[in-house]
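Structure first, then comments.
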Protein chains: 2
Amino acid sequence: MAEERRKFRREGEERRRDALISAALELIAEGGPGVATVRAIADRAGVTPGLIRHYFSSKEELTREAYRALMERMSSDNAAVLDRAADPRARLAAFVAAALRPPVMDAARMGLWAGFIHQVRRDAAMAAVHAETYLAYRDRLQALIAALPGTGDAARQRALAIACNGVIDGLWLEGSALPEAFAAGELERIGLDAVGAILGLDLPAPSEQTEDRP
Amino acid sequence: MAEERRKFRREGEERRRDALISAALELIAEGGPGVATVRAIADRAGVTPGLIRHYFSSKEELTREAYRALMERMSSDNAAVLDRAADPRARLAAFVAAALRPPVMDAARMGLWAGFIHQVRRDAAMAAVHAETYLAYRDRLQALIAALPGTGDAARQRALAIACNGVIDGLWLEGSALPEAFAAGELERIGLDAVGAILGLDLPAPSEQTEDRP
DNA sequence: GGTGTAATTATGCAAGTGTATAATTGAGGC
DNA sequence: GCCTCAATTATACACTTGCATAATTACACC
């Protein structure tokens, strides 16, 4: 008997696009851009490779959209963290802590970031998204700092925001790249202390509640 | 007339291996692992692709050796920075500043780092080199901190070293990824101030002398 | 100056890449 | 139930990749 043609279900455009984007992000996170081939992506999304070119004009465009989706998701997750506290110090502490625990501090998230870097450097559209996202993150941090007493003028607040952002990013990097080198919660504590030292105040450890999506 | 066979010069094994390794590192830095094909590497090194398999058992092994060479070079460059000052505070300041100016803080260096990450995650040998290099760097930083007055016991010094390492790595990352977002020397000043705040002391700005190799 | 031999190049190949195009088939409207 | 048409699959193609192997050639040694 001849191998029969594969069965399939028709889906809405948005669902299929989302599935393909998610599949691409998963693969890049796990193995880098090299393993995110059209065949692997289609396989992970449960379709055949031809469908990619039905919903995206090229694989490159799929990647570009995946990056954009990733940045948007990270931004909104990050903004949501701030809603969980009212006191300025507690809000800042939640902001710092969220970056230093899963799912943000995570090997896969870092793999995603690293996997995109070179493409971001060649593609002007992706570079713009990158700069925009980064600066928005830092602006949010700067606003948190400005809400604290005794943080000086705007120029000083900018410098403080850059420094705190550095602490957050650096510890995120270390914890994501070498998780076994740190005890559970260690980097979170260190990050809160360091940011506190830079700003000249004590930051309370936020609750254990972790960032998650519905 | 038929195209004649390419002329060549015989070279010592070490020179050829070095040339191939350098070529691989350049290409990975510029465009990521995807552009570092055997043909591109051989071209950059001024030889033909077959030679790679004459000096390395596979392209993967060339990449592995390239990573090892990179890590060794970074370690020795880093250690050399410390010889330029005697006073503990000046030594620490030099350590921090060196990481936050070229050629360490540089888009190509970051591209190199990002380009290797996924391969480091799959390859146990590369992962070991990575962990070893990172911990050596941090131990060096911790030793610098321990030489300062009032930095507590070993556990506290460890936490301080992790925090300072975070500042350095994070600012390095931001400056390398988005150089146009910062003024010249800005991150260096911010880094020195932040490390100083974490350690509770003032760090003098080191001389403008930059790290370079002969 | 020949001669051996190891370094280097040239050629070929199977597997994998993204993409174009044609062939099918699921599902809603009548 | 049938028809229509877009969603989906299947197939094919040109190109690139890493690697194996055979053919050359530079250069040390006598």
Side-chain angles (χ1 to χ4, degrees), chain A residues 1-24 27-28 30-67 115-116 118-119 122-123, chain B residues 1-24 27-28 30-67 115-116 118-119 122-123:
Chain A
M1 60 192 236
E3 39 216 298
E4 52 194 17
R5 205 178 170 91
R6 170 181 178 145
K7 303 293 185 203
F8 63 93
R9 272 185 40 202
R10 295 189 154 206
E11 287 284 2
E13 166 163 357
E14 194 163 1
R15 289 173 63 92
R16 278 277 133 93
R17 289 175 65 95
D18 284 356
L20 288 169
I21 286 176
S22 295
L27 286 166
I28 292 175
E30 294 168 10
V35 312
T37 67
V38 287
R39 287 163 179 84
I41 293 170
D43 205 49
R44 178 73 62 109
V47 298
T48 52
L51 206 59
I52 290 181
R53 298 267 349 261
H54 188 259
Y55 286 116
F56 301 90
S57 70
S58 69
K59 185 202 165 188
E60 192 180 341
E61 198 205 300
L62 163 56
T63 313
R64 211 175 289 142
E65 300 242 1
Y67 184 69
F116 272 115
H118 282 102
Q119 203 167 348
R122 327 189 177 97
D123 186 307
Chain B
M1 63 192 233
E3 39 219 298
E4 50 193 18
R5 205 178 171 92
R6 171 183 178 141
K7 302 296 184 200
F8 63 91
R9 275 186 40 201
R10 297 187 151 205
E11 286 284 2
E13 166 162 358
E14 195 163 358
R15 289 174 63 91
R16 277 278 131 92
R17 289 174 67 97
D18 284 355
L20 288 168
I21 287 177
S22 296
L27 287 166
I28 293 174
E30 294 168 10
V35 311
T37 68
V38 287
R39 286 166 180 80
I41 294 170
D43 206 47
R44 178 73 62 111
V47 297
T48 52
L51 206 59
I52 290 180
R53 296 268 345 244
H54 188 258
Y55 285 116
F56 301 92
S57 71
S58 69
K59 184 202 166 186
E60 191 180 343
E61 198 206 301
L62 163 58
T63 313
R64 210 175 291 141
E65 299 242 2
Y67 184 69
F116 272 114
H118 283 102
Q119 202 168 348
R122 329 188 175 98
D123 186 308

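A note on names: the letters A, B, ... follow the listed sequences, proteins ahead of strands, and every chain is numbered from 1. Given the structure is predicted, the values throughout are model-derived calculations rather than measurements.
If you take CZ of A:R16 and P of C:dA27, they are 11 Å apart, rounded to a whole angstrom. Residue A:L62 contributes atom CG, which lies 15 Å from atom P of C:dT17 at whole-angstrom precision. The nearest whole Å value for the distance from the CD atom in A:Q119 to the C1' atom in C:dG18 is 14 Å. Remark: C1' of C:dG16 and NZ of A:K59 are 12 Å apart, rounded to the nearest angstrom. Atom CD1 in A:I52 sits roughly 13 Å away from atom P in D:dT8 (whole-Å rounding). Taking atom CZ on B:R64 and atom C1' on D:dG18, their separation rounds to 15 Å, with Å as the unit. Taking atom CD of residue B:E61 and atom C1' of nucleotide D:dC19, one finds them 14 Å apart after rounding to whole Å. For B:R15 and C:dA6, the CZ to P distance is 21 Å, given to the nearest whole Å.
Mapping B:E60 and B:K7 onto DNA chain D by nearest heavy atom places B:E60 closer to the 5' end of the strand.
Minimum atom distance to the side chain of A:S58 is reached by C:dT19, of the listed C:dT19, C:dA7, D:dC27. In this structure, of D:dA26, C:dG18, D:dT8, it is D:dA26 that holds the atom nearest to the side chain of B:F8. Comparing D:dT25, C:dG18, D:dT8 against the side chain of A:T37 picks out C:dG18 as the nearest.
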- prompt: Between A:R9 and A:E11, does a salt bridge (Lys or Arg N to Asp or Glu O under 4.0 Å) hold up when you go through it step by step?
  reply: CA-CA 6 Å; A:R9 272 185 40 202; A:E11 287 284 2; 2.9 Å; yes
- request: Start with the C-alpha distance between B:R64 and B:F56, add both sets of side-chain angles, then the distance that settles side-chain contact (heavy atoms from CB on, under 4.5 Å), and finish with yes or no.
  value: CA-CA 10 Å; B:R64 210 175 291 141; B:F56 301 92; over 6 Å; no
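Salt-bridge annotation for B:E30 and B:R44: present, with a side-chain N of the basic residue lying under 4.0 Å from a carboxylate O of the acidic one.
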When you compare the protein's N or O atoms with those of nucleotides 10-14 of chain C, which come within less than 3.5 Å of each other, and at what distance?
from   : atom 1 : to   : atom 2 : distance (Å)
C:dA10 : OP1    : B:R6 : N      : 2.9
C:dA10 : O4'    : B:R5 : NH1    : 3.4

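The shortest side-chain heavy-atom distance between A:D123 and A:T63 does not fall under the 4.5 Å cut-off. Counting only heavy atoms from C-beta outward, the side chains of B:L20 and B:V47 approach each other to under 4.5 Å. Within the 4.5 Å cutoff, the side chain of B:R122 has heavy atoms near those of the A:V35 side chain.
Taking side-chain N and O atoms only, A:H54 has a distance below 4.0 Å to OP1 or OP2 of D:dA7. Contact annotation: B:Y55 side-chain N/O to C:dT8 OP1/OP2 distance is under 4.0 Å.
Within 4.0 Å of A:E11, counting heavy atoms only, lie sugar-phosphate atoms of the nucleic acid but no base atom.
The environment of A:E61 atom CD is dense: over 12 non-hydrogen atoms of other residues, nucleotides or ligands sit within 6.0 angstrom.
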